[in-house]
There are 2 protein chains.
Amino acid sequence: MATPPDVRAAYDAYLAECPTRQLLDRISNKWVGLAVNALAEGPQRYSDLSRRLASISQKMLTQTLRTLERDGLVQRTVTPSVPVRVDYALTPLGRGLLPVMRAIKDWAEQNMDDVLAARTRYDTDAVN
Amino acid sequence: MATPPDVRAAYDAYLAECPTRQLLDRISNKWVGLAVNALAEGPQRYSDLSRRLASISQKMLTQTLRTLERDGLVQRTVTPSVPVRVDYALTPLGRGLLPVMRAIKDWAEQNMDDVLAARTRYDTDAVN
DNA sequence: CGGCATCCCGTCGGATACTG
DNA sequence: CAGTATCCGACGGGATGCCG
């Protein structure tokens with residue numbers, strides 16, 4: 001019995017002071033979206049993720065994974081071999097976020113053409 | 001009718017050079033999420049949105065709406081009265097994004113407690 | 001009312017070098 | 001392999017002032 005279920009209705013991301021706005025800010029992030037999507041295929045090593053999220057710096061990858069771990073979305077597992085092996089996997093909480101992150105990435109890929117067309121239209125008309 | 005359906009399969013946000021990564025970055029944004037959610041209830045005036053997205057600066061609100069307009073997600077309508085009246089509404093393309101943006105905001109509000117608990121656990125263990 | 005222009009500071013995030 | 005540490009430039013984003 002941690003917290004009563006209906007307390008959650010009190011959260012409202014429209015309000016600046018509400019902690020959910022900060023959470024919304026965290027998960028509304030390019031690297032978070034790509035990392036969660038990548039981990040959907042199962043646990044991955046640090047180097048796997050590094051290759052998958054092409055051009056991400058170690059700094060951003062580590063920082064992203066640490067934040068996800070702290071927020072309980074990702075589980076970090078260290079195997080003390082030589083050299084060290086570190087695996088990252090989605091937690092149940094993280095798997096709950098997966099459908100949403102997948103939907104965002106899919107939307108971007110599927111509507112890229114329309115957005116590109118809209119930009120061209122906007123920029124062309126602006127010349128007048 | 002507009003574009004062939006199978007061209008879209010070429011886009012892949014995992015690739016750094018792919019334009020979808022930039023699009024993913026744009027829509028993965030706190031203010032975009034809140035603005036689209038707010039516009040779900042129908043067209044809104046600039047001042048309405050300003051009040052709804054509590055504490056957003058004019059700069060960020062204008063910048064967010066301009067980007068959304070350029071990307072074809074939002075329609076800007078100016079009524080040349082005195083003083084001027086400006087309304088913003090979702091376009092069909094923007095309405096397509098709405099379910100996703102709504103899902104993100106909802107996820108944040110519904111899982112805030114679990115994330116908060118995870119953070120406390122992480123920070124407590126780290127002291128050792 | 002609905003902006004735009006400017007100043008300015010803090011954070012994001014890349015590059016590089018070093019370590020267990 | 002999987003990081004940590006540091007430096008530093010770019011950009012996000014708030015505050016303020018002006019305008020049609």
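Chain naming here is simple, since letters A, B, ... match the order of the sequence lines and numbering starts at 1 in each.
A salt bridge links B/D87 to B/R85: at least one charged side-chain nitrogen sits closer than 4.0 Å to a carboxylate oxygen. Taking 4.0 Å as the cut-off between side-chain N and carboxylate O, B/R52 and B/E41 count as a salt-bridged pair. Taking a cutoff of 4.0 Å between a charged side-chain nitrogen and a carboxylate oxygen, A/D123 and B/R70 qualify as a salt bridge.
A close approach under 4.0 Å does not occur between any side-chain nitrogen or oxygen of A/Y88 and OP1 or OP2 of D/dC1. Put simply, B/R51 has no side-chain N or O that comes within less than 4.0 Å of OP1 or OP2 on C/dG2. Considering only side-chain N and O atoms, B/R85 lies nowhere under 4.0 angstrom from the phosphate OP1 or OP2 of C/dG3.
Side-chain atoms of B/Y122 do not come within 3.5 Å of backbone N or O of B/A117 as any donor-acceptor pair.
Among the nucleotides C/dC1, D/dG14, C/dG3, the one closest to the side chain of B/R45 is C/dC1. Comparing C/dG2, C/dC1, C/dG14 by their closest approach to the side chain of B/S47 singles out C/dG2.
Residue A/R66 is the one, among B/N29 and A/R66, whose nearest nucleotide of DNA chain D lies closer to the 5' end (criterion: closest heavy atom). Nearest-nucleotide assignment on DNA chain D puts the 5′-proximal partner with A/T62, out of B/Q63 and A/T62. Ranked by how close their nearest DNA chain C nucleotide is to the 5' end, A/P83 and A/S57 are led by A/S57.
One can place CD of B/Q58 at 16 Å from P of C/dT6, the figure rounded to the nearest angstrom. Rounded to a whole Å, the OH atom of A/Y46 is 8 Å from the P atom of D/dT4. Protein atom CE of A/M60 is 13 Å distant from nucleotide atom P of C/dA15, rounded to whole Å. Nucleotide D/dA2 holds its P atom 17 Å from the CZ atom of A/R52, rounded to whole Å. If you measure from atom CG of A/L61 to atom P of D/dG3, you get 8 Å, rounded to the nearest angstrom. One interatomic measurement links the two molecules: NZ of A/K59 to C1' of D/dT4, which rounds to 11 Å at whole-angstrom precision. Note: NZ (B/K30) to C1' (D/dG13) measures 9 Å, nearest angstrom. With rounding to whole Å, B/L65 atom CG is found 8 Å from C/dG3 atom P.
To the nearest 0.5 angstrom, A/L39 atom CG is 11.0 Å from A/R95 atom CZ.
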